[in-house]
Amino acid sequence: MSYILTTTNLTKTYDKKNAAKDVNIHVREGEIYGLIGRNGAGKTTVMRMISGLSKPTAGTYTLNGENKFGVGVLIESPGIYPNMSATENLRLKCIGMGCYSKRYVEELLLTVGLENAGKKNAGSFSLGMRQRLGIALALAGDPRMIVLDEPINGLDPQGIVEVRHTLEKLKEEKSITIMISSHILDELSKLADSYGIIHEGRLIDEFTTEELSSRCGQYIVIKTTDNKKAAALINQTNEFSQGRAIASIDDDGCVRVTDALEKTIEINKALMQNNIGVKELFINRTSLEDYYLKVTGGDHNG
């Protein structure tokens, strides 16, 4: 596995209180990595450290084995001058990065979909347009990775879609690695390839989209008079399993069937024909938000 970013026991302490403690993150090159956590969990602290905006109290971070690297950053509000145009804002940033040319600035505006708004004052931009300009500023200097803290927070649905399409374009056409935090977990699940959950300053889980599917995807839950016998029957019935082990006993003692969602009627009939009483059978649809709340001990009201 090729990682563009790894952190080792990354820690930040303020007045003897750990804002982040022993955080070990692994970001694959060319992916979108979603960092999840409630306010105050440590997301921004971690992002500031790996962006070089804050010095770690302890621990290290590396890019492909190197201890120093530059990343593009958009943390909190974009640093733009409202009385200047998008082009002028980008021009200033590019001069500071030593990469200014008129064509380069035009290409950055095109990348984030602001090619027709370059002459407009940034102060007249919608929030979504300001966020996309902020992403363009983060891209100045051609970093291999950009770090975006809550880039869709407060956006209307259209603005969210615009930012999402921009990030997808950066990944697919530019092969840029993106770390993004967001409270809108349903939207994040449409973007991210991998996730890290940070809670009370510690990274408590890290998983890929494929692993998320097995944890949060749809599956059949069955409660019977003999769950072990029911799971064995489903796995042995080729009509359902096609030779694969699709049924198992979950942590709650129920039968979990990870495939054959369209076969619930047939499964119920087969169990009854084999004298296995069915107490309950339903399709469970667990979202990323549900999984996050489960592992952090939260609830929908908190």
Side-chain angles (χ1 to χ4, degrees), residues 1-76 134-135 137-139 141-153 167 170-171 174-183 185 188-189 191-212 215 288 291-292 295-298:
M1 185 66 66
S2 175
Y3 295 115
I4 188 170
L5 170 72
T6 59
T7 71
T8 304
N9 297 327
L10 204 60
T11 299
K12 185 66 178 181
T13 303
Y14 295 102
D15 298 325
K16 298 183 179 180
K17 181 179 180 180
N18 291 320
K21 177 66 174 176
D22 294 331
V23 175
N24 298 300
I25 286 175
H26 308 82
V27 180
R28 295 177 296 180
E29 189 162 10
E31 76 169 357
I32 297 178
Y33 184 100
L35 191 61
I36 307 170
R38 64 184 63 181
N39 288 335
K43 304 187 306 298
T44 302
T45 299
V46 170
M47 288 181 154
R48 285 183 174 277
M49 287 190 285
I50 64 176
S51 302
L53 300 177
S54 180
K55 184 178 180 180
T57 304
T60 60
Y61 60 93
T62 62
L63 173 73
N64 285 351
E66 298 178 7
N67 291 324
K68 293 183 179 180
F69 66 97
V71 298
V73 184
L74 175 55
I75 293 180
E76 299 175 351
I135 293 171
L137 291 168
L139 291 170
D142 299 321
R144 293 165 58 195
M145 177 177 175
I146 59 174
V147 175
L148 310 175
D149 189 19
E150 300 285 352
I152 59 175
N153 190 33
L167 299 182
L170 291 176
K171 172 192 168 184
K174 306 290 186 179
S175 298
I176 292 176
T177 305
I178 302 168
M179 174 181 279
I180 177 174
S181 67
S182 177
H183 286 120
L185 300 190
L188 189 61
S189 67
L191 270 174
D193 303 293
S194 296
Y195 304 86
I197 295 179
I198 190 166
H199 184 62
E200 297 180 350
R202 294 181 180 271
L203 191 77
I204 61 173
D205 201 358
E206 194 174 49
F207 47 92
T208 65
T209 298
E210 292 76 15
E211 292 167 335
L212 177 64
R215 303 179 191 192
L288 174 60
Y291 181 72
Y292 164 75
V295 300
T296 59

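- The OG atom of S2 sits 10.5 Å away from atom CD of E31, with the distance rounded to the nearest 0.5 Å.
- A heavy-atom distance below 4.5 Å is not found between the side chains of S54 and T45.
- Considering only heavy atoms from C-beta on, T296 comes within 4.5 Å of I204 through its side chain.
- P151 and I180 make their closest contact through CG-CD1, 3.5 Å (heavy atoms, listed as atom of the first residue, atom of the second, distance).
- Listed here is the closest heavy atom pair of L74 and G134: CD2-C, 4.0 Å.
- Side-chain atoms of L288 and L212, non-hydrogen and from C-beta on, do get closer than 4.5 Å to each other.
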If you apply the rule side-chain contact (heavy atoms from CB on, under 4.5 Å), what do you find for T177 with L5, and how did you get there? CA-CA 9 Å; T177 305; L5 170 72; over 6 Å; no

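- Annotation: the span from L148 atom CG to M179 atom CE amounts to 10.5 Å, rounded to 0.5 Å.
- Side-chain contact check for I197 versus V295: some heavy-atom pair is nearer than 4.5 Å.
- Taking the centre of each ring, F207 and Y291 come in below the 6.0 Å mark.
- Once rounded to the nearest 0.5 Å, the distance linking CG of L203 with CG of N9 reads 11.5 Å.
- A donor-acceptor pair is defined here as one N or O able to donate and one able to accept, closer than 3.5 Å; such a pair exists between the side chain of E150 and the backbone of H183.
- Note: I176 CD1 to L167 CG = 10.0 Å, rounded to the nearest 0.5 Å.
- The closest donor-acceptor contact from the side chain of T13 to the backbone of K16 lies at 3.5 Å or more, if one exists at all.
- Between K171 and D193 there is a side-chain heavy-atom pair separated by less than 4.5 Å.
- A side-chain donor-acceptor contact under 3.5 Å links K43 to the backbone of G37.
- Of the N and O atoms on the side chains of T11 and T57, not one donor lies less than 3.5 Å from an acceptor on the other residue.
- Side-chain contact check for I25 versus Y61: every heavy-atom pair is 4.5 Å or farther apart.
- Between the NZ atom of K12 and the NZ atom of K17 there is a distance of 15.0 Å, given to the nearest 0.5 Å.
- Side chains of L170 and I135 form a contact here, defined as non-hydrogen atoms less than 4.5 Å apart.
- Scanning both residues, Y292 and R38, for their nearest heavy atoms gives OH-N, 3.2 Å.
- Here the shortest heavy-atom pairing between E206 and Y33 reads OE2-OH, 2.6 Å.
- Across all non-hydrogen atoms, the minimal contact from A138 to P143 is O-CG, 3.4 Å.
- In the model, T7 has no side-chain atom that pairs as donor or acceptor with a side-chain atom of N24 under 3.5 Å.
- For D15, there are no side chain to side chain donor-acceptor pair (under 3.5 Å) partners, not counting sequence neighbours.
- I198 approaches A41 most closely through the heavy-atom pair O-CB, 3.5 Å.
- In this structure, L63 and V71 have side chains that are not in contact, with every pair of non-hydrogen atoms separated by 4.5 Å or more.
- Looking at residues two or more places apart in sequence or on another chain, you find a side-chain contact (heavy atoms from CB on, under 4.5 Å) between D149 and T44, M47, I75, S181.
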